[in-house]
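So you know, we letter chains A, B, ... as the sequences are listed, proteins then strands, and number each from 1.
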Protein chains: 2
Amino acid sequence: MVDDDKPTPDEADATAARGYHHGDLRRQLVVWTLKLAEERGLDEVSVRDVAKAAGVSPGAPFRHFPTRVALLAAVAEQGMDALAAQLEAALVAAARENPLRRYRAMAVAYFTWGIRNPIYFQTFASRAVVDYAGPSLRERHEQAVGAMADEMKAALRLGLVRRGIAERYAIAGRALAYGIARLYIDGHYATLGLDENMAVREGEAVLDQFIESISR
Amino acid sequence: MVDDDKPTPDEADATAARGYHHGDLRRQLVVWTLKLAEERGLDEVSVRDVAKAAGVSPGAPFRHFPTRVALLAAVAEQGMDALAAQLEAALVAAARENPLRRYRAMAVAYFTWGIRNPIYFQTFASRAVVDYAGPSLRERHEQAVGAMADEMKAALRLGLVRRGIAERYAIAGRALAYGIARLYIDGHYATLGLDENMAVREGEAVLDQFIESISR
DNA sequence: ACCTGAACACCGTTCAAGT
DNA sequence: ACCTGAACACCGTTCAAGT
C-alpha cells in the first residue's frame, strides 16, 4: 500500500479511520467477515481481505484471532446467539399452545433463520469451525434443538401424535427441520426456482403436513 | 471403496516411475484427491498435494483440469455415478414391493451412501463444485431423488399414506433422507456418540417410524 | 496495548522448454 | 502429446519495530 500523507494520529477520528480501532477491531473483523461472505461466499473471503476492509494491515487480525478458522468461529458464535434468540422468541410466542404447536414454531424458526442467514448457518455447520470453537458452541446448538425434541416428546406423552418412540419423533422432527434448511442452502431449491421467501413458505407447508400426518 | 487398482501396468513401470501416466493421469488425480480427502478432509487437500501423491509436477494436473474446483467436480461426477448405482440397485431389489417400501429402500440407500461416503457427499453438496460441474450433475441428482419422490406420490395415489398433497410428502421424504445424511456428515451425531453403522441403523429406525406414522 | 510492514512457506495457475 | 520446473500473484501466519 502506497501511503504518502501521514495520518496525524492525534485526532481520534483520524486514527480510527486509519486503522486504530481502540478495542473495537475484534468486532469489526467479525462484521466484515460476515459482510464479505454474504457478497462472495464464505470460501472466497481471506483474512487479508477482511483486514483491508477494516482498514488495517494484513497481520492485525492475528492479534485478535490466532487463525482464520478462529475468526470464522467467532462469526459462528455470533450466529448461534442470533439463532438462540429466534428460537427463544418462537417458544415464548407459542407458550400457551400445545407441544406439537411449540415444536412447529421452533422448527419453522430454525429453518427460516437458516434460509435467511446462510452464512451463519454454514459457519456452524462446518466441521473445522465447530471443532475449533470447542464444545460450548455444539452444546448450545444441541440445547437449542434439544428444546425442539423435548416438545416432540411431550407431544407423544400427551397422545398428540401416533404411537411410537419419542426419541425417533424427536430425531425425525430435527432431521426434517435441518433438511429443509440445508436443501435450500445447498442450492437444491434453486432447480425448483424457489427464492428465499418461497422456500420458507414451502418449508412451512411441508412441516404442517408432516405434523398433521403424525397427529392423531 | 468404489475403485480398484488400475488394470495391468505391464510396461508402464518405468514411465510411471518417471511420472508419465500415458493418459491415465486424469483418473489417478481423481483417485488421489479422494484418498487424501478421506485422510485429512476435503479443504485440506491442495492440487499440489495431489500432484505430489500422483508423482507428477505441480503444474501437471492443470493439463487435465482447468482449475482446482474442476478436479473436485470430477470427484463429484464419480460420486454421482456411485450414488446412482446404489439407488438403482435399491430400486431393483424392492421392485416387487409397494411404493412406500420402494421409497424406503431408496431413502435408506441414499443416506447410507452419504454416511459411508462423506467426501463424495460433500463434493456434490458444495455450491462451487456443483455450479462448475454444470447442469448435468444437478439434473442427475434431481432425477435420482425424483425417483424417491415418485414413489411417495404413488403411495399417496394408492392410499398407502394419509390424505395430503403428494408433492409435500415427496419433499418431506426427501428432506428427511437428506437431513439424516447431513446431520451425520456435519458431525451432529458425534455428540450422541454414534459411529457410522449406528448412524445408519438409527436413520433406518427414524425413517421406519416416519413411514409408519404417515401410513394408514 | 495495539498496529505496521516486511518476511516466510505455501498455494493455484501459467507457460516456455523439454521428452 | 504430455510433463517439467520456474515463474507470478496470492494467502495464512509470524514478528521485530513503531506509536
Next on the checklist: Angle between ring planes, B:Phe121 versus B:Trp113, binned at 30° and 60°: parallel, tilted or perpendicular?
Outcome noted: tilted

Next on the checklist: With a 4.0 Å cut-off on N to O distance, would you call A:Arg104 and A:Glu204 a salt bridge?
Outcome noted: yes

Next on the checklist: Go nucleotide by nucleotide along DNA chain D from the 5' end; which of A:Ser46 and B:Arg48 gets its closest nucleotide reached first?
Outcome noted: B:Arg48

Checklist entry - Taking CG from B:Leu29 and C1' from C:dT13, how many angstroms apart are they, rounded to a whole number? => result 15 Å

Checklist outcome for this item: Taken to the nearest whole Å, CG/B:Leu25 to C1'/C:dT19 is 16 Å

Checklist entry - Among D:dC3, C:dC3, C:dG12, which nucleotide sits nearest the side chain of B:Val47? => result C:dG12

Next on the checklist: Using the side-chain contact (heavy atoms from CB on, under 4.5 Å) definition, which of the options A:Val45, A:Leu42, A:Val75 pairs with A:Leu34?
Outcome noted: A:Val75

Checklist entry - Do we see a donor-acceptor contact under 3.5 Å between the side chains of B:Tyr120 and B:Gln78? => result yes

Checklist entry - Could you state the NZ-P distance from B:Lys52 to C:dG12, rounded to the nearest angstrom? => result 12 Å

Next on the checklist: Please confirm whether the ring centroid of A:Phe65 lies under 6.0 Å from the ring centroid of A:Phe62.
Outcome noted: no

Item to check | A:Arg174/A:Glu167 under salt bridge (charged side-chain N to carboxylate O under 4.0 Å, His left out): CA gap, chis, key distance, verdict | outcome: CA-CA 10 Å; A:Arg174 174 182 180 168; A:Glu167 195 55 53; over 6 Å; no

Checklist entry - Which residues within residues 59-74 of chain B lie with some heavy atom under 4.0 Å of an atom in DNA chain D? => result B:Gly59, B:Ala60, B:Arg63, B:His64

Checklist entry - For A:Asp43 and C:dG12, what is the distance between atoms CG and C1' respectively, to the nearest whole Å? => result 15 Å

Next on the checklist: Reading 5' to 3' and counting Watson-Crick or G-U wobble pairs with both distances under 3.5 Å, write the dot-bracket notation for DNA chain C, | for bases paired outside the strand.
Outcome noted: ||.|||||...|||||.||

Next on the checklist: Return the CG to CG distance between A:Leu183 and A:Leu176, rounded to the nearest 0.5 Å.
Outcome noted: 9.5 Å

Next on the checklist: The criterion is ring pair (Phe, Tyr, Trp, His ring centres under 6.0 Å); which residues satisfy it with A:His64, sequence neighbours excluded?
Outcome noted: none

Item to check | Proximity to the side chain of A:Pro58 - top-ranked nucleotide from D:dT13, C:dT13, D:dT4 | outcome: D:dT13

